[in-house]
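Data block below; observations after.
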Amino acid sequence: MRTDELLGLQPEEDGDELLFVSTHQATELLLRAAAAATVDAAQRVQAGEVSAAEVLLRRACETVRAATGLLPVLSQLSPLAFGRLRPRLGNGSGAESPGWRGLRGAGRGLQTAFEQRRGALEVSLVQLYRGRTHRPLYRLAEAMVDLDEAVRVWRLQHFVLAQRVVGGAAVGTQGMPVDALGKLISQRMFPALWSVRDDLSVVGGELVS
């Protein structure tokens, strides 16, 4: 586990900085694990192992939720305390997070694998969602929606935390106002799986066997 080496990466002089750094490092590890599970899921889809891919996505989803669960820890930092340690944080931003970049890339790979599989089965998204919900491809699609939702909740919680600690009008470390982050929450990893719900409301009809 190399625990001693891991614990040597955190600052010891400042309790506030220790809290901030440790929480972010733990988040990076969790996002990396979620990305790895998503990459594995895409590979399973490519191999035609759709049910196995669903299991991996459930793991990725719970891992992202675990990362979200860490955010309330940072709410224990007062605005004054964060202001004091902020100059030591440099000019990094959440967009530069290796874990976040890895998860986004893994999501794009999964989207491609899913579309290829759906194309091979010659089924549209509307047909898929009008079919029986026990079918593996449908269950995979809903696992993708679950992951997308978990990511959006994580981003929302991060945005609310930033508002709480530094204020909405404050400018982030890369010059972006905190409130501007709120516009990013509406972004989705798998937009077609959300928009198909609008299509279903138009198409209507019964489930197809």
Side-chain angles (χ1 to χ4, degrees), residues 27-28 30-69 71 94-160 180-209:
T27 298
E28 286 295 336
L30 288 169
L31 293 180
R32 180 181 180 184
T38 305
V39 169
D40 289 346
Q43 293 173 345
R44 293 299 182 95
V45 174
Q46 291 173 340
E49 302 172 7
V50 176
S51 294
E54 179 200 345
V55 173
L56 286 164
L57 281 188
R58 300 296 179 193
R59 177 192 299 179
C61 184
E62 291 304 320
T63 306
V64 172
R65 287 172 178 159
T68 305
L71 292 176
E96 295 177 342
S97 158
W100 172 232
R101 292 201 308 266
L103 184 55
R104 284 196 303 175
R108 289 191 291 268
L110 176 61
Q111 175 67 33
T112 298
F114 174 80
E115 289 300 331
Q116 290 175 344
R117 184 62 182 170
R118 185 175 63 79
L121 296 175
E122 299 182 345
V123 58
S124 69
L125 281 180
V126 170
Q127 290 170 331
L128 178 64
Y129 271 81
R130 291 184 68 199
R132 299 296 174 181
T133 57
H134 67 273
R135 288 181 170 177
L137 193 62
Y138 174 88
R139 291 179 58 84
L140 174 64
E142 284 298 276
M144 292 169 66
V145 171
D146 286 342
L147 177 60
D148 204 342
E149 180 180 301
V151 168
R152 293 178 70 192
V153 170
W154 171 66
R155 298 183 79 176
L156 173 61
Q157 292 287 355
H158 184 270
F159 167 60
V160 173
L181 296 174
K183 299 179 181 179
L184 302 178
I185 298 171
S186 61
Q187 294 181 356
R188 296 167 176 175
M189 297 178 70
F190 314 114
L193 295 180
W194 295 91
S195 61
V196 69
R197 286 153 166 80
D198 297 326
D199 297 333
L200 288 169
S201 67
V202 174
V203 174
E206 300 294 331
L207 290 174
V208 294
S209 61

Step by step, would you call Leu128 with Leu137 a side chain to side chain contact (heavy atoms under 4.5 Å, CB included)? CA-CA 8 Å; Leu128 178 64; Leu137 193 62; 4.0 Å; yes
With side chain to side chain contact (heavy atoms under 4.5 Å, CB included) as the criterion, how do Arg152 and Arg188 come out once you've worked through the C-alpha distance, each side chain's angles and the decisive distance to 0.1 Å? CA-CA 7 Å; Arg152 293 178 70 192; Arg188 296 167 176 175; 3.1 Å; yes
Report yes if some heavy atom in the side chain of Trp100 is under 4.5 Å from a heavy atom in the side chain of Val151; otherwise report no. yes
Tightest non-hydrogen contact, residues Ala67 and Thr27, listed as CB-CG2, 4.3 Å
Looking at side-chain heavy atoms only, is the closest gap between Thr63 and Arg59 below 4.5 Å? yes
How many angstroms lie between CD in Gln157 and CZ in Arg65, if you round to the nearest 0.5 Å? 13.0 Å
Take Arg58 and Glu54 through the test salt bridge (charged side-chain N to carboxylate O under 4.0 Å, His left out) and record every step on the way to the result. CA-CA 6 Å; Arg58 300 296 179 193; Glu54 179 200 345; 3.5 Å; yes
Of the non-hydrogen atoms in Arg130 and Leu200, which two are nearest, and what is the gap between them? CG-CD2, 3.7 Å
Walk me through whether Trp154 and Leu31 qualify under side chain to side chain contact (heavy atoms under 4.5 Å, CB included). CA-CA 11 Å; Trp154 171 66; Leu31 293 180; 3.7 Å; yes
Donor-acceptor pair, Asp148 side chain versus Phe190 backbone, under 3.5 Å? yes
Taking side chain as C-beta onward, heavy atoms only, is Val64 less than 4.5 Å from Leu103? yes
How many angstroms lie between CZ in Phe114 and CG in Leu193, if you round to the nearest 0.5 Å? 5.0 Å
Looking at His134, is its backbone amide N or carbonyl O close enough to the side chain of Arg139 to form a donor-acceptor pair, meaning the two atoms are under 3.5 Å apart? no
I'd like to know if Arg197 pairs up with Glu142 as an ion pair, taking the criterion as any Lys NZ or Arg NE/NH1/NH2 lying under 4.0 Å from an Asp or Glu carboxylate oxygen. yes
Compare every heavy atom of Arg118 with every heavy atom of Ser124, then report the nearest pair and how far apart it is. CA-NH1, 3.4 Å
Please report the shortest heavy-atom distance between Ala37 and Ala60, naming the atom on each side. CB-CB, 4.0 Å
side-chain hydrogen bond (donor to acceptor under 3.5 Å, both in side chains) with Ser97: of Arg104, Arg32, Glu28, only one passes, and it is Glu28
Closest non-hydrogen atom pair, Ala35 against Ala106: O-CB, 3.6 Å
Between Asp40 and Gln43, is there a side-chain heavy-atom distance shorter than 4.5 Å? yes
Identify the two heavy atoms, one from Arg44 and one from Ala52, that lie closest to each other, and give their separation to 0.1 Å. NH1-CB, 3.1 Å
Is any side-chain heavy atom of Asp146 closer than 4.5 Å to a side-chain heavy atom of Leu57? no
Could you grab the distance from atom CD of Glu49 to atom CG of Leu56, nearest 0.5 Å is fine? 9.5 Å
